[in-house]
Amino acid sequence: MRTRARLVLVAAALLFVAPPGSVLADDDRIEVWDQTHLNGARAGTVHTISRAVQADGVARHETVVVSDMKMKRMGQTTEINTKVVTWEDAEGKLLRIATSQKMSAMTTDTVFTFKEGKVSIETTVMGNTRKAEQTYEGELLGPKGQEALIKPLCGTKDKSVTFLAYVPDFQRVVKTTVTSKGQETVELLGGKKAELTRVEATLEGLPITPITFLDDKAQPLKVVVNVMGMNFETYRVANREEAMSDAGTSKATAPEAFNQTLLIENDPIPVPRHLDAATIIVRKRKADTELPDMSGPGHVVEPQEDGSLRITAKRVEPPEGKQGTRPLTEVPDELADSLAASSMIQSDAEKLVKTAREVVGSETNAWRAAQKLEYWVFKYMTQKSMGVGFASALESFDTREGDCTEHAVLLAALGRAAGIPTRVVMGLVYLMGVWGGHAWNEVWIEGTWYPLDATNGYGFTDPLHLPMAHMTMKEGGASEFTTLIMGMGTMDVDIVSVVRDGRTIDVSKSPTLVTTKNGYYTNPIWGISLEIPAGWELDLPEKRKQLSPRLLELDGKTADGKKVEIKLDVMDAPPKVNENNVLAMLGIKSTEKGELDGRPSYGATVTRGNNTRMIIACVADKALYIFSLDRPQEQAERDVFLGVLQSVDFDVK
């Protein structure tokens with residue numbers, strides 16, 4: 001897993017459902033500042049200006065909202081900078097929205113024009129503008145028009161208003177109902193408290209229920225939005241200086257957000273990328289939750305009486321003789337969007353068309369061509385970074401940087417350029433003890449969609465990829481993200497059993513399968529056993545709280561009293577096992593070759609800062625085992641380490 005849940009959309013959704021400048025006075029110009037928090041930590045600011053303007057001699061009302069947010073994912077900081085400019089007429093009717101979003105090195109500019117039941121959308125990315133059009137029924141209100149309806153709710157209880165609004169980040173019209181819930185004592189920044197009116201909004205078709213607290217002048221002093229298990233809050237402050245200040249906050253700017261979206265699995269699962277099949281249970285966290293449709297290639301979903309889903313998943317690949325041809329010449333209407341270029345997937349860009357042609361060459365077999373492109377993206381994206389918000393295919397090609405989303409949009413663009421219908425899938429993936437948000441791809445081969453994952457490059461996708469949204473990312477189609485947002489943070493996932501090399505393993509009973517008899521640690525799930533040195537303590541990791549490859553630790557002392565710690569980490573072997581690829585996974589440049597239980601091994605001594613480690617790595621049954629000894633200063637310590645290695649047996653069943 002190299003992704004986060006869609007934090008970019010969360011931030012964008014927050015801006016819509018809680019515009020901090022809402023419920024403004026009737027002055028010609030109002031300027032306000034708000035401070036944004038994520039899970040209790042300061043994450044950024046929102047600056048709002050509302051004013052009367054003239055356009056072509058006609059009076060308009062303009063609302064400008066500028067949001068700057070920072071959050072960390074696995075220690076890397078992601079910045080999201082957004083500007084939204086809205087125009088409406090004197091009656092509050094929506095006329096125009098212009099958004100500018102910077103979620104990577106490049107900025108995406110989109111203009112929405114509303115006229116006579118049509119929305120014209122123009123999106124510009126990297127100097128290239130694309131257009132789309134939508135239709136709608138009814139009258140759309142802008143921010144000031146919405147405020148005029150909401151203001152009378154202040155000081156009331158169980159009063160409601162309903163209106164139609166346009167959510168640019170989802171590119172859709174949304175019926176919104178706002179209901180007052182009465183007075184409530186609310187804690188604000190710095191421990192201050194105030195009696196405020198609580199109003200709750202319901203956005204039809206979107207899993208977002210913002211709660212706004214209004215003072216007696218109908219000003220929003222606090223807004224709370226819970227999305228995908230994360231809690232966003234905005235607080236009204238006096239000025240820019242207070243918005244930028246840490247006063248009243250308990251944590252620094254740029255809070256860690258990645259771990260908030262993880263789902264913890266009870267037990268580590270062996271070589272997840274190489275499993276043949278799996279049985280998975282998905283449970284609701286709340287009774288009224290609607291679980292997303294997780295069916296897909298190789299995934300059969302069976303609703304259970306208790307409201308949970310039982311998913312039987314298997315690895316799928318097109319059989320020989322039915323692997324398709326490329327380029328696809330006769331395109332069914334339903335595949336048009338999966339072959340078309342868009343602002344995020346610029347499959348018509350000259351450099352991407354040229355690259356697809358060079359990678360695929362003369363290969364006409366569609367599946368083999370798609371596998372070539374998958375592995376090429378896997379190797380080409382050299383900067384595996386969690387610091388990129390969401391970059392387009394063309395930007396990802398230029399920078400070679402990003403996480404799973406950048407891999408997925410680049411593979412989608414290259415696949416389409418090669419004449420293979422390709423779409424982006426977003427959902428959950430299991431890795432190193434946890435489930436987290438992920439993006440991968442599906443390619444259409446002779447009437448069936450088959451998954452590939454360019455972050456792994458194996459040429460297939462394992463059953464522990466749970467799809468939640470299948471997206472073409474067509475122009476004007478941002479609503480495709482809705483299913484993903486609705487599902488994240490609403491469920492728990494538990495693996496019941498897996499099939500590895502034809503052998504079914506009931507992982508729900510794994511604690512009883514692992515034994516430590518006669519001084520040996522034996523784990524038939526992973527297929528390994530090793531000797532525990534006399535007097536040493538076996539330390540098995542507790543339930544994981546975050547990504548961790550740790551299988552076990554051995555803590556003890558050498559004969560002369562030296563403290564020693566031996567660790568064993570395990571992960572999937574690289575897609576192509578050779579010395580260079582193993583070294584790349586270990587993050588080292590050279591090794592001493594050897595042998596471990598009849599398999600080639602790679603050894604090295606690595607020093608980072610004040611810490612020195614002796615590493616021995618070995619690939620066995622598609623898993624990369626990494627044994628390490630911290631601070632190997634004396635020969636006695638090395639002898640214990642080597643003794644453990646000599647006892648290793650990779651053939652346990």
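Here the structure is a predicted model, which means the values were calculated and not measured.
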Pairwise side-chain contact, [X] with [Y], heavy-atom cut-off 4.5 Å (strictly under):
| X | Y | answer |
| --- | --- | --- |
| Tyr166 | Gln171 | yes |
| His299 | Pro467 | yes |
| Trp444 | Leu328 | yes |
| Leu95 | Phe114 | no |
| Trp367 | Gln371 | yes |
| Ser343 | Glu475 | yes |
| Lys118 | Glu133 | yes |

Distance only, no hydrogens: is a donor on one side chain within 3.5 Å (strictly under) of an acceptor on the other, for [X] and [Y]?
| X | Y | answer |
| --- | --- | --- |
| Thr162 | Thr177 | yes |
| Thr36 | Asp34 | no |
| Asn231 | Asn39 | no |
| Tyr235 | Glu233 | yes |
| Thr209 | Glu200 | no |

Salt-bridged, Arg29 to Glu31, with N to O below 4.0 Å?
->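 So Arg29 pairs with Glu31 through a salt bridge.
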Would you call Arg368 and Glu363 a salt bridge, taking side-chain N to carboxylate O under 4.0 Å as the test?
->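 Here Arg368 pairs with Glu363 in a salt bridge, since their nearest N and O are under 4.0 Å apart.
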For residues Phe460 and Tyr450, establish whether the separation of their ring centroids is below 6.0 Å.
->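 Aromatic pair excluded; centres sit 6.0 Å or further apart.
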Evaluate whether atom [atom1] of [X] has more than 12 neighbouring non-hydrogen atoms of other residues, nucleotides or ligands under 6.0 angstrom away.
| X | atom1 | result |
| --- | --- | --- |
| Lys474 | NZ | no |
| Gln54 | CD | yes |
| Lys102 | NZ | no |

Which residues satisfy the ring-ring contact (aromatic ring centres under 6.0 Å, His included) test with Phe213, sequence neighbours excluded?
->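 Residues passing ring-ring contact (aromatic ring centres under 6.0 Å, His included) with Phe213: none at all.
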Are Leu411 and Trp440 close enough, and set up right, to give a side-chain contact (heavy atoms from CB on, under 4.5 Å), and what steps lead you there?
-> CA-CA 9 Å; Leu411 179 55; Trp440 61 99; over 6 Å; no
Nearest-0.5 Å distance, [atom1] of residue [X] to [atom2] of residue [Y]:
| X | Y | atom1 | atom2 | result |
| --- | --- | --- | --- | --- |
| His438 | Cys404 | NE2 | SG | 5.0 Å |
| Met126 | Met106 | CE | CE | 4.5 Å |
| Arg96 | Thr86 | CZ | OG1 | 10.0 Å |
| Thr355 | Glu350 | OG1 | CD | 10.0 Å |
| Leu352 | Leu394 | CG | CG | 5.5 Å |
| Arg285 | Met491 | CZ | CE | 8.5 Å |

Contacts of type side chain to side chain contact (heavy atoms under 4.5 Å, CB included), residue Ala408, not counting sequence neighbours |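 For Ala408, the residues satisfying side chain to side chain contact (heavy atoms under 4.5 Å, CB included) (neighbours in sequence not counted) are Val424, Ala439, Asn441.
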What orientation do Phe397 and Trp376 show, parallel under 30°, tilted 30 to 60°, or perpendicular over 60°?
->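 It falls in the parallel class, under 30°.
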Do the ring planes of Trp33 and His47 sit parallel (below 30°), tilted (30 to 60°) or perpendicular (above 60°)?
->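 Because their plane-to-plane angle is under 30°, the rings of Trp33 and His47 count as parallel.
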Mind running side-chain contact (heavy atoms from CB on, under 4.5 Å) on Glu139 and Glu91 for me, showing each step along the way?
-> CA-CA 11 Å; Glu139 185 174 285; Glu91 287 73 42; 5.9 Å; no
For the pair Arg240 and Thr45, evaluate side-chain contact (heavy atoms from CB on, under 4.5 Å) and give the outcome as yes or no after the intermediate values.
-> CA-CA 9 Å; Arg240 180 182 183 277; Thr45 62; over 6 Å; no
In sequence, state the C-alpha distance, the side-chain angles, and the governing distance for Arg172 and Val174, and then conclude on side-chain contact (heavy atoms from CB on, under 4.5 Å).
-> CA-CA 6 Å; Arg172 62 184 290 181; Val174 176; 3.9 Å; yes
Where at least one partner belongs to residues 414-428, residue pairs that pass salt bridge (charged side-chain N to carboxylate O under 4.0 Å, His left out), sequence neighbours excluded |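 Counting only pairs at least two positions apart or across chains, the salt bridge (charged side-chain N to carboxylate O under 4.0 Å, His left out) contacts touching residues 414-428 are Arg423-Glu442.
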Which pair of non-hydrogen atoms, one from Ser100 and one from Thr107, has the smallest distance, and what is that distance?
->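 What the structure gives for the nearest pair is OG-CG2, 3.1 Å.
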